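See structure below.
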Amino acid sequence: MFTLNQSAQSFAVDILSKNGFSQKDDPSFYLRLTQSIDTIAFLFGEIYGHSYQANQFFEELVLTIAKANQERGNDLKQRDKSKEESGKWFLSNDLVGMSLYVDRFSGNLKSMETKLDYFEELGVNFLHLMPLFESPAGESDGGYAVSNFRKIDERYGTLAELIDLRKSMQKKDMYLMLDIVLNHTSHRHEWAEKAKQGDKEFQDYFYMYDDRWIPNQFDASMPEIFPESSPDNFTFVPECNKWVMTVFHDYQWDLNYMNPAVFRAMLDNILFYGNLGVDVLRIDAPAFIWKQTGTSSQNLPQAHTLLRLIKQCVEVATPGMAILGEAIVAPKEIIKYFGSGEFLAKECDFAYNATHMALQWDMLASGETKVMLAAQHEILKKPYGTSWITYTRCHDDIGLGYDDYMIAQTGKNPYEHRKFLKDYFTGNQAHSPAKGALFSSNPKTGDARISGSLASLCGLEKALEDQNEFSITLSIQKIVLMQAHSFFIGGLPIIFYGDELGYTNDYSYLNDSGKNYDNRWMHRPVMDWDKNQKRQNSGSIESQIFESTKKLISIRKKLNVVADHNNLTWLPPHNIHVAGYLRKFGNQKLYGVFNFSAETAFLTWYAFKEHTPIPEKLLDHWTGQEFKVGLDHEYLIMEPYTFHLFEPIN
Ligand code: GLC
């Protein structure tokens, strides 16, 4: 086991002074370091303690942390301080995000500066810029196959331009989120190139084997992530005559975190991003970072230990940077990324509420809230002080990742229900207006996910083709309903670019050989700024969706009760078509009620009387109308796909 012959604190302080660091240069860093070093040593020991070089690697780890803190700009240190003073800054109702590809949104980093007004107009003050670091064209996975973690891809611009953009954003009180692609590198990354050339040191950065003996053992229990385009979990590398693990595409080589050198190098990259001024770091695919034969190689305890270790190191070196774990896994597994046991709320600050995202789509297709409610007991376990990213769409597919038992509990057959959803969203179901496509269908397991833009899945594409005004209006209502439901449920809402204007699917990816094997590109539009201009023409589709989104954002920003205080209570299902939640903070209350069905819904006024004090009247922030709370046998009448954001007034 990992032992130091002195306390971790004095070990760290000695190492630092031997290497020219001095406490008086940054006393608050020393304080953070000495407070956390025991935990860091413990977590490090759990994973790497058995290594004969453990002490040396631990020493390097301490130096990596200290160097990163030393390189942190004073402006960022100042920002860290004010974030600390404001408490958990990222729980605020003032934050609304957008996720976008810089090239498809504006062209490049420089031109992004000219779009800051657009975000201000909409009310977006948090940007997730999709991967920007060097990634080989045609073998890029949208930037998630990184060949250089420190060099911005020429397509987008330069590191200096990214920093300029970040500074301009901060002047406007905006926040920045970037990705670290932790699980793998491109096969064109320097480490992979060296491994191909036979360099043993770098072959040990990956899972590389001489024959199929161990790969077959892994394969026996590992699911396939991209079964259509990249079915095997291993790829033969002719240059060195070996098999390498490639869980995602064959050009994405999985990093081997059993090797402490990999952890140290990637931690260094994480802290480098911290020093670029990243406010939230999205850790891509963290569920996959530890592999073990005989398991699915997902969500293993060691993956959590590594994330906790990263969190501790970040808190010491670049404390203003929060961590988002992109774990799109089963509900009971997602929740563990917030930490558990003595590490509760000490792992990732954010996780995607992927379960609820998928359940919103379930509600839209089925017109019912039953399955959604059956899953909430898992979602509500989120610890205080952590938060969700809430969303309706993102750059990825929609995985129906909730459990079969949740479906079964509602009396439905899970297989039939999932089939219904897949048919519905691909337009193969009699009354479905949706135009999506199945992504990563696996005939062996029957699994499939769904691609398609928010607008197309809500029926706008079909309605436009049919030139059916009624259906156009209905699809816009659905788009707004979906956004409203996710904006107020608790967490930081992130809009996927284009959805604020109703972009439908873009099929041009089919003509690009670097993209046509991956239908997720259908919902990653290229912004057309002439079309976007139509948001100014009142009554246009663009204007209706943009103005509604903007209004939802401004309502959210006004209501402190919707900040993520872990303060959500579901209303009992008085009407199975209406999702209803109560947000409560001190004396403030907000009732969100959403009719997911194609029929008019009648909701008993009793629904608003289960929590005291019983309101006499409700002010709907959405329509501006006041409603008198009626008798229990009277009803709030809700037209199809409408919603209310009610604040009690007496
Ligand atoms: C994440 C990304 C996805 C990518 C995968 C592999 O899930 O969101 O787009 O394909 O990781 O990096």
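Please read these numbers as outputs of a predicted model, since none were measured by experiment.
- Panel note: side chain Arg393, backbone Gly452; a donor-acceptor pair is recorded below 3.5 Å.
- Of the possible polar contacts, one joining the Tyr503 side chain to the Asp528 backbone as a donor-acceptor pair under 3.5 Å is found.
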Taking it one step at a time, do Leu603 and Asn595 satisfy side-chain contact (heavy atoms from CB on, under 4.5 Å)?
-> CA-CA 10 Å; Leu603 182 66; Asn595 179 10; over 6 Å; no
Full working for side-chain contact (heavy atoms from CB on, under 4.5 Å) between Val96 and Ile495 = CA-CA 8 Å; Val96 177; Ile495 302 166; 4.3 Å; yes
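- Phe126 and Phe350 have their aromatic ring centers separated by at least 6.0 angstrom.
- Listed by first then second residue, pairs satisfying side chain to side chain donor-acceptor pair (under 3.5 Å) with a partner in residues 564-583 read Gln376-Trp570, Lys382-Asp564, Lys382-Asn566, Ser387-Asp564, Asn567-Arg583, His574-Glu610, not counting sequence neighbours.
- Judged as a salt bridge (charged side-chain N to carboxylate O under 4.0 Å, His left out), and not counting sequence neighbours, Lys478 has no contacts.
- Using a 3.5 Å distance cut-off with no hydrogens or angles, the side chains of Gln170 and Arg166 do pair a donor with an acceptor.
- In this structure, Lys311 pairs ionically with Asp349, as a charged nitrogen and a carboxylate oxygen lie closer than 4.0 Å.
- In terms of modelled atom types and a separation under 3.5 Å, the side chain of Ser106 and the main chain of Asn108 share a donor-acceptor contact.
- In this structure, the separation between CD1 on Ile335 and CG on Leu380 is 8.0 Å, given to the nearest 0.5 Å.
- Among residues two or more places apart in sequence or in another chain, the side chain to side chain contact (heavy atoms under 4.5 Å, CB included) test is passed with Tyr144 by His128, Met130, Pro131, Asp141, Asp179, Val181, Gln252, Arg282, Asp284, His395.
- Using cut-offs of 30° and 60° for the angle between ring planes, the Tyr118 and Trp529 rings count as perpendicular.
- Salt-bridge check for Asp117 with Lys172: passed, with a basic side-chain N closer than 4.0 Å to an acidic carboxylate O.
- A salt bridge links Glu378 to Lys381: at least one charged side-chain nitrogen sits closer than 4.0 Å to a carboxylate oxygen.
- With ring centers used as reference points, Tyr352 lies under 6.0 Å from Tyr391.
- Classified by interplanar angle (parallel below 30°, tilted 30° to 60°, perpendicular above 60°), the ring pair Trp605/Phe627 is tilted.
- Here the side chain of Lys83 pairs no donor or acceptor atom with the backbone of Met321 at under 3.5 angstrom.
- In this structure, the side chain of Arg104 engages the main chain of Arg524 through a donor-acceptor pair within 3.5 Å.
- Of the possible donor and acceptor atoms, one in the side chain of Glu326 sits under 3.5 Å from a partner among the backbone N and O of Ala285.
- The salt bridge (charged side-chain N to carboxylate O under 4.0 Å, His left out) search around Lys589 returns none, not counting sequence neighbours.
- Closest of all the heavy-atom pairs between Asn505 and Ser456 is N-OG, 2.9 Å.
- Using a 30° and 60° split on the angle between ring planes, Phe646 and His644 fall in the parallel class, below 30°.
- Asn125 and Asp94 make their closest contact through ND2-O, 2.7 Å (heavy atoms, listed as atom of the first residue, atom of the second, distance).
- With hydrogens and angles ignored, the 3.5 Å screen pairs no side-chain donor or acceptor of Tyr641 with any backbone N or O of Leu364.
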Report the C-alpha separation of Gln483 and Thr392 in whole Å, then their side-chain angles, then the decisive distance to 0.1 Å, and conclude whether the side chain to side chain donor-acceptor pair (under 3.5 Å) test is met.
-> CA-CA 7 Å; Gln483 297 292 45; Thr392 54; 2.9 Å; yes
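- Residues Arg32 and Asp80 are not paired through a salt bridge, judged by the lack of any N-O separation under 4.0 Å between the basic side chain and the carboxylate.
- When atom types are taken as modelled, the side chain of Asp279 and the backbone of Leu176 share a donor-acceptor pair closer than 3.5 angstrom.
- In terms of heavy atoms, Ala601 sits closest to Val578 at CB-CG2, 3.7 Å.
- For the side chain to side chain donor-acceptor pair (under 3.5 Å) condition, the pairs that include at least one residue of residues 535-559, sequence neighbours left out, are Glu121-Arg535, Lys531-Glu542.
- Closest heavy-atom contact between Ser451 and His523: OG-CE1, 3.6 Å.
- At distances below 3.5 Å, not a single donor-acceptor pair connects side-chain atoms of Thr390 with backbone N or O atoms of Gly491.
- When all heavy atoms of Leu421 and Asp362 are compared, the closest pair comes out as CD1-OD2, 3.6 Å.
- The line from CZ of Phe487 to CD1 of Ile555 is 10.5 Å long, rounded to the nearest 0.5 Å.
- Between Glu84 and Lys81 there is no salt bridge, since no side-chain N of the basic residue sits under 4.0 Å from a carboxylate O of the acidic one.
- In terms of the ring pair (Phe, Tyr, Trp, His ring centres under 6.0 Å) criterion, residue partners of Tyr337 (sequence neighbours excluded) are, by chain and number, His304.
- Of all heavy-atom pairs spanning Trp361 and Phe425, the tightest one is O-CZ, 3.2 Å.
- When atom types are taken as modelled, the side chain of His611 and the backbone of Phe608 share no donor-acceptor pair closer than 3.5 angstrom.
- In Lys115, the NZ atom is crowded: over 12 heavy atoms of neighbouring residues, nucleotides or ligands sit closer than 6.0 Å.
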